[in-house]
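Scroll down for the structure; my scribbles are underneath it.
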There are 2 protein chains.
Amino acid sequence: MELSERKQKILKAVVDDYITFAEPVGSTHIAKNHHPELSSATIRNELADLEELGYLVKTHTSSGRVPSELGYRTYVDSLMKKYMVSMEEVARLKAEMEHKIKELDYYIKEVLNIAAGSTNLTAIATSPDFSGGTLKKIELMMLDSFNILLILVTETDTVKSRPIKLKSPVDFDFIADLKSVLNTQLAGLTLDKITKQNFEVITEQLGGNYEAVANILEFVYSTINEMNENEIYLSGETNLLGLPEFKDVAKAKKFLELIHDEKKIREILKNNSKGNVLNVVIGNEQDNEDLDQLSLVVTTYKISENVTGVMGVIGPNRMDYSKVISSLEYLSENINTLALKAPENDNNEVNKNG
Amino acid sequence: MELSERKQKILKAVVDDYITFAEPVGSTHIAKNHHPELSSATIRNELADLEELGYLVKTHTSSGRVPSELGYRTYVDSLMKKYMVSMEEVARLKAEMEHKIKELDYYIKEVLNIAAGSTNLTAIATSPDFSGGTLKKIELMMLDSFNILLILVTETDTVKSRPIKLKSPVDFDFIADLKSVLNTQLAGLTLDKITKQNFEVITEQLGGNYEAVANILEFVYSTINEMNENEIYLSGETNLLGLPEFKDVAKAKKFLELIHDEKKIREILKNNSKGNVLNVVIGNEQDNEDLDQLSLVVTTYKISENVTGVMGVIGPNRMDYSKVISSLEYLSENINTLALKAPENDNNEVNKNG
DNA sequence: TGTTAGCACTCTTTTGTTTTGAGTGCTAAC
DNA sequence: GTTAGCACTCAAAACAAAAGAGTGCTAACA
């Protein structure tokens, strides 16, 4: 079902204008602003065709036209002008990014802020998923005889530490033993391969003090599991409230509740991210009630071969896809390069003989 | 300006009903539901008096009455029935609290969720302010020659750790030196007393490697400063959107933007918390534009003598003060006792000879 | 003197009606 | 194939009328 070039142009004009003005667009308007060489009557004929073909819909018999999901889809896939992040924007983004280099999660949040800020929509991301990464080593550091710090280090040198408070004192030898057994049993495994069973083996190996170590091992186990759970980050939660499609509080509430529902968001991101490729989901193409009237642009960022995360932008169907897509592409690209060479980042670098 | 007992009763009836129904309350309604022994005409006279005295206002000439800020104030200070957290609620709260004991910040978030859930309003808290607490010690742990873990331990055994990635390798002696100097210079000081000057002294003491350590020291300094900054936690962000006072999106948006504005929230909490005492701020009694039409119940929780945080609930003037106050009192009380004896908490406890 | 029935009056809310205007589809002419 | 012209449609705005909740005031009552 190839559209004539003129139909394509007119469809594009409708989508562009609807994205800009959020009002059904009529024949006269298109004639005036996009095709002065044509009369409104001609455009009217074309619009009627496009409607019949399913690219446009009317809100009532005598209204202007609004893009259907198919209309948006066609627009995104072949009509829209690829928006190039402009030089100034690149400069601004870079400046923002370079100024604020801290830890990975802080950095991801910062990137999200930029995404939300530059698109004026709501940006979402998961923290990186370490479950496919391997555990390099486990440290247990005694702060004093009542306080131990548990430290997990992954192959990507990501560190997770949690304090453990004890009821009765322990001594150095005990901790050294524990540490050595933990490392021989767990170091080198990928996080998702570490199960209760490993801990049973560990408990056995530690022999005598069976009861004593149960709690501490439980804690180690749950901390490892926490590295598997990825957090949800949000930015620009309230950005959409200014848009006409959210002038109804009930709708606004539904949206806000959706984005604060970690479980649903996790699922949505998971179901709609497509490996390395940026993906655009329009309306409820996916038959997900929650996404009714909402569109999603999702992409993946990469910390290492096995450690990746998902980030995206959510907004009304009527969003500036071009801008959103190019921003996300640019930002995820930058997380990838930055993260992969993080050890060389200028802020934390130290050289003993500097 | 003492009110007659009858006037007090009528004022209480108005506030109670307005809190419940969110509609201006009229004389007949009060007569029927609260004072069947009086006629609506009598009540009308009393209402007119209360209005003249400033306790009530009308929304238009022939409307029912709504409490003024003075009306709410009087209600909160002397009229309302103190709500007692019921046995079931106590049980529920306790169960929720006891089930989910993890780290302090996780715990505070959990308490906030309970506060927001039981009041159906928005709950806010700051993380504990450590600036008045003392730094017990500083650890630098080598994970490998390129990765160091910085660990700060406070007198309350709160631990903050941050990984440092190095560009070129360092050796054990260097780290040992650094650690020893850091500890002799900084351990024992309260966090807010640690300044750039201390770090100048440290750099001097380390002598030769002046340039080399600059970055790492900078990082230690900024991490210490981060312990001074307290985070803002939120729960129940969207709870208010169901209320009639937020049926206007613009208002809802303003509110949501306010609670996501960390700087403003920090300031509001700071300006309105009153040491140990629970404080109720009604409307913009404090002349803060942002709090227009909003009320705030704030209290303090205590981790140790010098380490405290602020938590509160924010909602429309028309809130169930009684319930909110008693919930907050109960919850902050519980953080206090729990935090102060945290080392004995059952979940993480371990005993070598258990 | 405090209370209350009664009534006129006010103002919002609801409901219904009319007008306006943007936009369409169709027809006939170019 | 394009376009001018016109009748028609429908939402939104503007206006009008009616309903209803509530007040204040007056005059009578206990």
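Residue numbering restarts at 1 for every chain, and letters A, B, ... go by the order of the sequence lines. All values below were derived from every heavy atom in this structure, side-chain atoms included, with hydrogens, water molecules and symmetry-related copies excluded.
- By the 6.0 Å contact criterion, NZ on A/Lys7 is enclosed, its count of non-hydrogen atoms from other residues, nucleotides or ligands being greater than 12.
- With DNA chain C read from its 5' end, the first of the two nearest nucleotides for B/Arg6 and B/Thr61 is the one closest to B/Arg6.
- Under the 3.5 Å distance criterion, the side-chain polar atoms of A/Ser273 are left unmatched by any main-chain donor or acceptor of A/Thr299.
- When heavy atoms are screened at a 4.0 angstrom cut-off, B/Ser27 is found touching the sugar-phosphate backbone but no base atom.
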Dot-bracket pairing map - DNA chain C, Watson-Crick plus G-U, both contacts under 3.5 Å, | cross-strand: ||||||||||||||||||||||||||||||

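- Under 4.0 Å is where a charged nitrogen must lie from a carboxylate oxygen, and between B/Glu257 and B/Lys253 at least one such pair does.
- The side chain of A/Thr28 sits closest to C/dG23 out of D/dT9, C/dG23, C/dT12.
- What separates NE2 of A/His35 from C1' of D/dT2 is a distance of 15 Å, to the nearest Å.
- Distance B/Lys32 NZ to D/dA21 C1': 11 Å, rounded to the nearest Å.
- Using a 4.0 Å cut-off between charged nitrogen and carboxylate oxygen, B/Glu245 and B/Lys251 do not count as a salt-bridge pair.
- Side-chain N or O atoms of A/Ser322 include none that pairs as donor or acceptor with a backbone N or O of A/Lys82 at under 3.5 Å.
- Here A/Lys58 reaches the OP1 or OP2 of C/dG25: one of its side-chain N or O atoms lies under 4.0 Å away.
- Between the side chain of B/Ser62 and the base of D/dT23, no donor-acceptor pair under 3.5 Å is found.
- Residue B/Glu37 is in sugar-phosphate contact alone, with no base atom involved, counting any heavy-atom pair closer than 4.0 Å across all strands shown.
- One interatomic measurement links the two molecules: NE2 of A/His60 to C1' of D/dC10, which rounds to 6 Å at whole-angstrom precision.
- Near DNA chain C, meaning a heavy atom under 4.0 Å from it, residues 38-52 of chain A has A/Arg44, A/Leu47 in order of number.
- Here D/dA21 presents its P atom at 16 Å from CG of B/Asp17, a figure rounded to the nearest Å.
- B/Ser235 and B/Asn113 are linked by a side-chain donor-acceptor pair at a separation below 3.5 angstrom, with hydrogens and angles left out of the test.
- Shown here is B/Lys9, whose NZ atom has no more than 12 heavy atoms of other residues, nucleotides or ligands within 6.0 Å.
- A side-chain donor from one of B/His34 and B/Asp17 sits under 3.5 Å from a side-chain acceptor of the other.
- Considering A/Leu53, A/Leu79, A/Ile10, A/Asp49 as possible partners of A/Leu3, the one that fulfils the side-chain contact (heavy atoms from CB on, under 4.5 Å) test is A/Leu53.
- Dashed line: the shortest gap from a side-chain N or O of B/Arg65 to OP1 or OP2 of D/dT23 is under 4.0 Å.
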